[in-house]
Structures are given as C-alpha cells and as structure tokens.
Amino acid sequence: MKKIVPILAALLLGTVACSSSKSNAQPTGPVEITFWHGQADSAATSIERLVAEFNRTHPGVKVKTDSGGATADTMLPKVTAGIASGTYPDIAYMYGSWGANIGRSPKVPDLKSYISDPKVGWNDYWPIAQETATVNGKVIGFPAVVDNLTVLYNKKLLAKAGLNPPGPDWTWDDFRTMARKLTNPATKTYGTTWAVSGGEETTWALWPMLWQNGGTILSSEGMQATFNSSAGVQALTLLQQMTVKDKSVYIDSSPGDKGQKLFESNRLGLFLAGPWLLADVQAAKIDYGIAMLPGSGGDHQTISGPDNWLVLDHGSPRIKASVEFLTWLNAPEQQITWMKDTGSLPTKQSITKLPGYQEFLKKYPGIDVITANLINAKQIRPATTKYPRISSYVANAISSVLVGKADPKAALDGAARQSDSILAVPGP
C-alpha cells in the first residue's frame with residue numbers, strides 16, 4: 001500500500017483555465033484513452049496483459065499505457081502537473097487518501113450518472129471501496145484496490161530464533177520482543193523496518209497504534225490536531241525504543257523499498273505490509289506467514305487504504321470509453337485474474353463466490369487472514385484537502401525521532417502546531 005507524496009491543494013485549483021472542449025469532437029475511429037496504471041513488477045505485467053486482452057476484444061476503444069514515467073507513489077504530482085500543462089491521462093491510479101485533493105479539480109468529472117448502469121455493479125463493491133471513490137457526493141473513479149495493513153513474517157527466521165508465529169492475541173510488546181530477538185547485527189538481519197522517506201509511507205502505520213490506544217488524528221470538527229495526545233506519544237515512544245535502544249528496526253530512507261528487498265532476501269523477520277506484496281514475496285520463494293496487526297488491550301484495529309482508478313475529463317467520448325474499460329477491468333472475471341497475479345483482495349463481494357476464488361486462496365496461503373482482517377480495518381484518515389500536508393508534518397516528526405534527533409512528545413507537538421496553523425486557515 002502504499003505511499004503518499006504531499007502536495008498543496010493549490011496546484012489543483014490553478015488548473016481551471018485548461019479546456020477540454022476540443023476533445024468533444026466525435027471520433028472517427030476507435031476512441032483512444034491513456035491509462036497511467038503506475039504498477040510495477042508482477043502487477044505491471046498483469047495489468048498490461050489485461051489491457052491487451054481488452055484492446056483485442058473491444059475494437060471501439062484503444063487503451064494506451066504510456067505513463068510518462070509515473071509510478072503509484074508519484075502519481076499525484078505527475079497528474080497535477082499534467083493537468084496544468086494539458087498532458088494529463090484519461091485514467092490514473094490514485095491512492096484513496098488523495099481523493100479530497102484531486103477530486104476538487106474541474107478536470108475530474110462526476111461519474112454518478114454512469115455507475116447506475118447494472119453492468120458497472122456499483123453496489124457489489126465493498127462499502128469502504130465505494131466510500132473511497134466518492135468525494136463530497138462526487139464519484140471520481142472506480143475502486144482499484146481494497147486492502148488492510150497486516151504483518152508478514154519470515155517463518156525460517158522465527159524458527160531460527162526459537163520464536164513461535166504470532167498468535168491472534170499478540171500485542172505491540174510481543175512485537176517488540178520478537179523484533180529484538182530476530183535482530184542479528186553479524187548477519188545484518190533485522191526484526192522489522194520503518195520507512196523514513198517523509199511521506200504517508202512513514203505515517204500510515206502509526207495511525208493504528210494511535211487508534212488502538214484511544215487516540216485520534218484530528219478533533220471531531222477537524223479543526224485541531226490531536227495526534228500528539230498521550231496515545232500518539234505512547235505509540236511513537238515504542239518505535240523510538242525499538243529503533244534507538246533495541247536497534248531492531250531497519251530505517252529505510254530509500255525510495256526503492258529497501259525494506260521489501262530485505263524481506264525477500266531472508267534478512268527481515270517482521271514486515272508491516274499487506275496483500276500487495278504477496279506475489280513478489282512468493283516469487284522470491286520466501287516461506288512466509290501472515291498475522292493481523294498486534295493489538296493494545298485486545299483492540300487489533302488496523303488501517304485500510306482503498307485506492308482508485310481516477311477518471312479525468314478529455315470530453316464525453318473519452319469519459320464513456322474510460323468507464324467502459326474500467327467496467328470490464330473490474331468485472332469479477334478479470335478481477336480473479338488480477339488477484340491471482342498480484343495477491344490483491346477482491347474489490348467486489350461477488351468475487352468470493354466464484355469458483356476461481358478458492359484457487360486464489362490456495363495460491364496465497366494466509367491471505368484469508370487479510371480478508372478476515374477487513375472487520376478490523378477502517379479508513380478514518382481525515383477527509384480533508386489538508387491531510388497530505390498534515391501527514392508530511394507527522395512523517396517528519398517520526399523520522400526525526402527514529403534517527404535519534406528528537407523526543408517523541410516534542411516532535412509530535414511541533415507537527416501539531418504546524419497542522420493547527422493550516423487548519424486555522426479557511427478554505428482548502
């Protein structure tokens with residue numbers, strides 16, 4: 001799941017001058033649309049095969065996957081820059097937490113009139129996926145991914161350290177103890193890892209620890225930061241102790257997912273991750289297991305980060321073509337193929353009733369834990385255009401603590417003051 005690149009909402013607002021009226025001319029051949037899927041590795045291979053199959057069976061629409069170098073992590077700035085220059089795609093993969101920002105752009109049409117078509121099967125999507133694709137009543141795209149944060153563990157390393165696999169009642173103290181016992185400086189093996197690259201990938205795994213201790217990110221009216229409460233300080237202090245004192249956390253400052261590479265090379269015992277990594281982990285032939293997040297007081301609340309296939313406006317013919325493609329791509333038959341290739345969870349409820357779903361469960365042992373964990377999963381990051389900036393402030397606070405440059409309370413208090421200063425400003 002998952003990374004966020006902070007960006008000012010003003011970038012989106014400055015694009016209103018762009019015009020797509022010239023795109024409303026009726027096409028004389030297949031309607032061509034550009035699809036920035038942003039996927040990598042096995043997911044990219046799978047999506048390219050599906051696009052090729054769609055193009056072969058749908059002569060009225062041609063989907064092009066030239067992404068202009070955009071990855072999932074860099075999609076928001078790439079798309080907003082494309083909107084400003086008039087070079088934006090028809091469809092782009094967007095993290096769900098970007099919705100409040102990008103959904104305000106006049107170049108994002110409201111698809112509400114399209115989703116009533118029975119072929120779309122809108123009500124078949126999980127409610128959390130529908131919610132993520134809807135911003136202030138405006139349907140901005142189709143659900144792309146539904147997931148939740150769990151723990152992948154290396155069975156071989158646990159056995160070598162004399163540790164039993166995590167049980168359903170394990171706690172963050174258990175997590176810390178296991179990480180410490182799994183760490184071996186001589187072999188450069190680590191208990192776990194944490195990203196400190198400064199985006200949502202640094203922040204989002206902290207939120208469940210905050211929530212489990214009774215904390216919230218913002219006040220109920222959304223006008224004041226509350227993540228610096230005792231619950232937040234307690235969560236960040238645990239990470240500080242694991243990193244600075246235990247030295248059981250690999251600090252990942254690279255943009256290339258070094259933590260994943262460590263896991264795939266049998267040098268990382270516990271990995272906060274989710275279904276999006278399973279295909280790559282299996283390709284690396286890692287003997288892995290899956291556990292729900294550790295809990296606090298029996299609360300195993302986790303975070304879900306559904307993502308979207310965002311649709312952008314190049315005129316009604318291309319919007320209709322985009323809807324046609326996404327309706328086909330998200331149909332259960334195509335989703336089963338995507339799921340088997342990537343380990344993604346089903347975006348639609350009916351998929352679990354298809355014969356191929358049982359084959360999917362067999363291919364990815366333990367993925368039923370992630371599916372069942374949806375009951376603990378919540379998408380309760382604030383639906384505000386200011387969230388990316390707030391997240392970046394918290395990410396910087398976490399990073400400063402984990403590299404030993406700041407105290408947890410002081411760092412979170414500083415991030416809260418920064419957040420309060422922008423929350424106090426009216427408007428986006």
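Not measured: the values here are computed from a predicted model.
Ring-centre distance between Phe35 and Trp309: below the 6.0 Å cut-off. Trp36 and Tyr93 have their aromatic ring centers separated by at least 6.0 angstrom. In this structure, His314 has its ring center under 6.0 Å from that of Tyr88.
Contact between Trp170 and Met292 at its shortest, heavy atoms only, is NE1-O, 2.9 Å. Across every non-hydrogen atom of Phe142 and Asn330, the tightest pair is CB-ND2, 3.8 Å. Taking both residues in full, the closest heavy atoms of Trp211 and Asp299 are given as O-OD2, 4.2 Å, listed atom of the first, atom of the second, then distance. Among all heavy-atom pairs drawn from Leu345 and Asp147, the shortest one is CD1-CA, 3.9 Å. What you find for Asp90 and Ser322 is that their closest heavy atoms are CB-OG, 3.6 Å. The two residues Ile390 and Leu218 come nearest to each other via the heavy atoms CD1-CD2, 4.2 Å.
With Trp338 contributing its side chain and Leu50 its backbone, the two residues share no donor-acceptor pair below 3.5 Å. Distance alone, capped at 3.5 Å, is enough to place a donor-acceptor pair between the Ser421 side chain and the Gln418 backbone. Without hydrogens or angle criteria, Gln212 side chain to Ser296 main chain gives a donor-acceptor distance under 3.5 Å. Between the side chain of Trp194 and the main chain of Thr202, a donor-acceptor pair closer than 3.5 Å is present. A donor-acceptor pair under 3.5 Å links the side-chain atoms of Lys112 to the main chain of Gly137, judged by distance alone. Distance alone, capped at 3.5 Å, places no donor-acceptor pair between the Asp287 side chain and the Lys156 backbone. Panel note: side chain Arg267, backbone Lys188; a donor-acceptor pair is recorded below 3.5 Å. Under the 3.5 Å distance criterion, the side-chain polar atoms of Thr150 are left unmatched by any main-chain donor or acceptor of Leu293. Looking only at distances, no side-chain donor or acceptor of Asp341 sits under 3.5 Å from a matching main-chain atom of Ala43. Looking only at distances, a side-chain donor or acceptor of Thr203 sits under 3.5 Å from a matching main-chain atom of Ser391.
Between Tyr190 and Leu182, every side-chain heavy-atom pair lies at or beyond the 4.5 Å cut-off. Contact check for Val311 versus Val108: no side-chain heavy atoms found under the 4.5 Å cut-off. With a 4.5 Å cut-off on side-chain heavy atoms, Trp98 and Asn308 do not count as touching. Taking 4.5 Å as the limit, every side-chain heavy atom of Phe227 sits out of range of all side-chain heavy atoms of Thr216. When side chains are defined from C-beta on, Ile140 does not count as touching Leu111, because their heavy atoms never get closer than 4.5 Å. For the pair Val145/Thr347, no side-chain contact is recorded, criterion being any heavy-atom separation below 4.5 Å from C-beta on. Side-chain atoms of Trp122 and Pro143, non-hydrogen and from C-beta on, do get closer than 4.5 Å to each other. Within the 4.5 Å cutoff, the side chain of Gln39 has no heavy atoms near those of the Thr45 side chain.
Separating the OH atom in Tyr357 from the NZ atom in Lys340 is a distance of 12.5 Å, to the nearest 0.5 Å. One distance of note links CG of Leu329 with CD1 of Ile91; it measures 8.5 Å at 0.5 Å rounding. In this structure, Ile286 CD1 and Glu264 CD are separated by 7.0 Å, a value rounded to the nearest 0.5 Å. Summarising the geometry, atom CG belonging to Leu272 is positioned 13.5 Å from atom CD belonging to Glu201; distances are rounded to the nearest 0.5 Å. One finds the CG atom of Leu157 at 15.0 Å from the NZ atom of Lys181 (value rounded to the nearest 0.5 Å). Atoms CD1 and CG, from Ile115 and Leu326 in turn, are 13.0 Å apart once rounded to the nearest 0.5 Å.
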task: Check the pair Asp174 / Thr171 against side-chain hydrogen bond (donor to acceptor under 3.5 Å, both in side chains), numbers first and verdict last.
output: CA-CA 5 Å; Asp174 296 330; Thr171 66; 3.3 Å; yes
Requested in this report: Quick one: do Phe325 and Phe54 satisfy ring-ring contact (aromatic ring centres under 6.0 Å, His included)? Show the steps, please.
Outcome: CA-CA 7 Å; Phe325 168 63; Phe54 176 84; 5.0 Å; yes
Practice problem: Any chance you could lay out the side chain to side chain contact (heavy atoms under 4.5 Å, CB included) test for Leu268 and Thr193, step after step, and finish with the verdict? | Solution: CA-CA 8 Å; Leu268 189 72; Thr193 184; 3.8 Å; yes
*How far apart are the C-alpha atoms of Glu200 and Tyr95, what are their side-chain angles, what is the distance that settles it, and do they pass the side chain to side chain contact (heavy atoms under 4.5 Å, CB included) test?*
CA-CA 10 Å; Glu200 179 74 353; Tyr95 294 142; over 6 Å; no
For this session: Step by step, work out the side-chain hydrogen bond (donor to acceptor under 3.5 Å, both in side chains) result for Ser350 and Asp124.
Result: CA-CA 7 Å; Ser350 64; Asp124 192 16; 2.5 Å; yes
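If you check the side chains of Thr74 and Thr71, you find a donor sitting under 3.5 Å from an acceptor. Judged by distance alone, the side chains of Ser42 and Thr342 never bring a donor and an acceptor atom under 3.5 Å apart. For Asn184 and Thr189, the side-chain atoms include no donor-acceptor pair closer than 3.5 Å. Under the 3.5 Å distance criterion, with hydrogens and angles disregarded, no donor-acceptor pair is assigned to the side chains of Gln349 and Tyr125. In summary, the side chains of Asn154 and Asn266 do present a donor paired with an acceptor at a separation below 3.5 Å, with no hydrogens or angles considered.
Legend: residues meeting side-chain contact (heavy atoms from CB on, under 4.5 Å) with Ala40, ordered by chain and number and at least two apart, are absent. Applying the side-chain hydrogen bond (donor to acceptor under 3.5 Å, both in side chains) rule to Ser116 yields no partners; only residues at least two apart in sequence or on another chain are considered.
Aromatic ring pairs are classed by plane angle as parallel below 30°, tilted from 30° to 60° and perpendicular above 60°; the pair His58 and Trp328 is perpendicular. Phe271 and Phe263 have tilted rings, their planes meeting at an angle from 30° to 60° on a 0 to 90° scale.
The pair Asp246-Arg180 meets the salt-bridge criterion, with a side-chain N (NZ, NE, NH1 or NH2) lying under 4.0 Å from an Asp/Glu carboxylate O.
Residue pairs that meet the side chain to side chain donor-acceptor pair (under 3.5 Å) test with at least one member in residues 400-414, sequence neighbours left out, are Asn228-Asp413, Lys409-Asp413.
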